[in-house]
Amino acid sequence: QVQLVESGGGLVQAGGSLSLSCATVGRTFSQYAMGWFRQAPGKEREFVAGISWSGDITAYADSVKGRFTISRDNANNRAKLQMNNLRPEDTAVYYCNSAPRVWEIRTPSGPWGQGTQVTVSS
């Protein structure tokens, strides 16, 4: 059974940085595209960033372009999201998920984990 475990969230001031990590268990990690998503209170979950299985193709939501960077470590079955210049509107629970191909990552097919809370104070 596939499990996705997010970590690295926390409380940070506006302009600060956080690095999120997603550990994958029970699946051949390197065969799947990975993505990060977030859900703010009262809002639907939204796509943040995606990366192909090889790491050579990335995609970002317009709201995070130039501030967030997605990467992956296939040797250690982890996906990462480096978040810089954080804004209060980035406050949300962040989740990772997967899809067979990178062009499908906005509608992921894996199970959802517990997520990790990111809070940005102004």
Side-chain angles (χ1 to χ4, degrees):
Q1 186 175 356
V2 177
Q3 282 188 304
L4 301 170
V5 181
E6 303 90 348
S7 62
L11 173 63
V12 64
Q13 288 188 330
S17 298
L18 281 174
S19 181
L20 305 184
S21 181
C22 169
T24 302
V25 179
R27 168 177 282 178
T28 305
F29 177 79
S30 61
Q31 294 181 352
Y32 288 82
M34 295 297 297
W36 284 95
F37 305 80
R38 66 187 181 187
Q39 187 168 21
K43 295 187 177 181
E44 292 187 355
R45 187 152 40 201
E46 63 176 359
F47 170 79
V48 174
I51 188 167
S52 61
W53 67 269
S54 62
D56 60 345
I57 300 173
T58 57
Y60 297 92
D62 288 344
S63 59
V64 307
K65 280 182 182 176
R67 300 188 298 123
F68 291 11
T69 302
I70 188 171
S71 62
R72 64 188 300 155
D73 178 356
N74 286 345
N76 291 296
N77 293 348
R78 287 185 179 272
K80 299 179 181 179
L81 185 68
Q82 177 65 40
M83 306 186 296
N84 297 328
N85 191 21
L86 283 160
R87 304 167 179 170
E89 54 263 40
D90 295 319
T91 295
V93 178
Y94 283 71
Y95 302 87
C96 63
N97 210 315
S98 63
R101 290 161 286 276
V102 68
W103 54 87
E104 299 170 327
I105 195 57
R106 294 174 187 264
T107 53
S109 55
W112 293 102
Q114 295 297 310
T116 186
Q117 176 71 48
V118 171
T119 303
V120 185
S121 63
S122 57

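The number of heavy atoms from other shown groups lying within 6.0 Å of CH2 (Trp103) does not exceed 12. By the 6.0 Å contact criterion, CD on Glu89 is enclosed, its count of non-hydrogen atoms from other residues, nucleotides or ligands being greater than 12.
A single hydrophobic cluster is seen to contain both Tyr95 and Phe47, as judged by linkage of ILVMFWY side chains at heavy-atom distances under 4.5 Å, directly or through other members. Follow the hydrophobic side-chain contacts under 4.5 Å out from Ile105 and you never reach Val48; the two are in separate clusters.
Side chains of Leu18 and Leu86 form a contact here, defined as non-hydrogen atoms less than 4.5 Å apart. Residues Val25 and Val2 are not in side-chain contact: their nearest non-hydrogen atoms beyond the backbone lie 4.5 Å or more apart. Residues Leu20 and Met83 have side chains in contact (heavy-atom distance under 4.5 Å, counting atoms from C-beta outward). With a 4.5 Å cut-off on side-chain heavy atoms, Ser7 and Ser21 count as touching. Residues Thr24 and Met34 have side chains in contact (heavy-atom distance under 4.5 Å, counting atoms from C-beta outward). Two residues are said to be in side-chain contact when any heavy atoms from C-beta on lie closer than 4.5 Å; Val64 and Arg38 meet this criterion. The shortest side-chain heavy-atom distance between Leu4 and Asn97 falls under the 4.5 Å cut-off. Between Tyr94 and Glu6 the shortest side-chain heavy-atom distance does not fall below 4.5 Å.
The structure places CG of Asn74 at 5.0 Å from OG of Ser30, a figure rounded to the nearest 0.5 Å. Between the CD1 atom of Ile70 and the SG atom of Cys22 there is a distance of 9.0 Å, given to the nearest 0.5 Å. Taking CZ of Arg72 as the reference point, atom CG of Asn77 lies at 9.0 Å (rounded to 0.5 Å). Taken from CD in Gln31 to CZ in Arg101, the straight-line distance is 12.0 Å, to the nearest 0.5 Å.
Residues in residues 49-80 take part in no ring-ring contact (aromatic ring centres under 6.0 Å, His included) pair, two or more places apart or across chains.
Annotation for Arg106 and Ala59: closest pair NH2-CB, 4.5 Å, computed over non-hydrogen atoms.
Side chain of Arg67 to main chain of Ser63: a donor-acceptor pair is present (N/O by atom type, distance under 3.5 Å, no hydrogens or angles). Between the side chain of Glu104 and the backbone N or O of Pro108, no donor-acceptor pair lies under 3.5 Å. Listed for the Arg45 side chain is no donor-acceptor partner under 3.5 Å among the backbone atoms of Ala40. Within the 3.5 Å criterion, the main-chain N or O of Arg87 finds a donor-acceptor partner in the side chain of Asp90. Side-chain atoms of Thr116 come within 3.5 Å of backbone N or O of Gly9 as a donor-acceptor pair.
Arg78 forms no cation-pi arrangement with Phe29, by the criterion of a distance under 6.0 Å to the ring centre and an angle within 45° of the ring axis.
In this model, a donor atom of one side chain and an acceptor atom of the other lie less than 3.5 Å apart for Asn84 and Ser17.
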_Under the criterion side chain to side chain contact (heavy atoms under 4.5 Å, CB included), I'd like the reasoning laid out for Phe37 against Cys96: C-alpha separation, chi angles, the key distance, then a yes or no._
CA-CA 6 Å; Phe37 305 80; Cys96 63; over 6 Å; no
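With respect to Lys65 and Asp62, a salt bridge is recorded, a charged nitrogen being found less than 4.0 Å from a carboxylate O.
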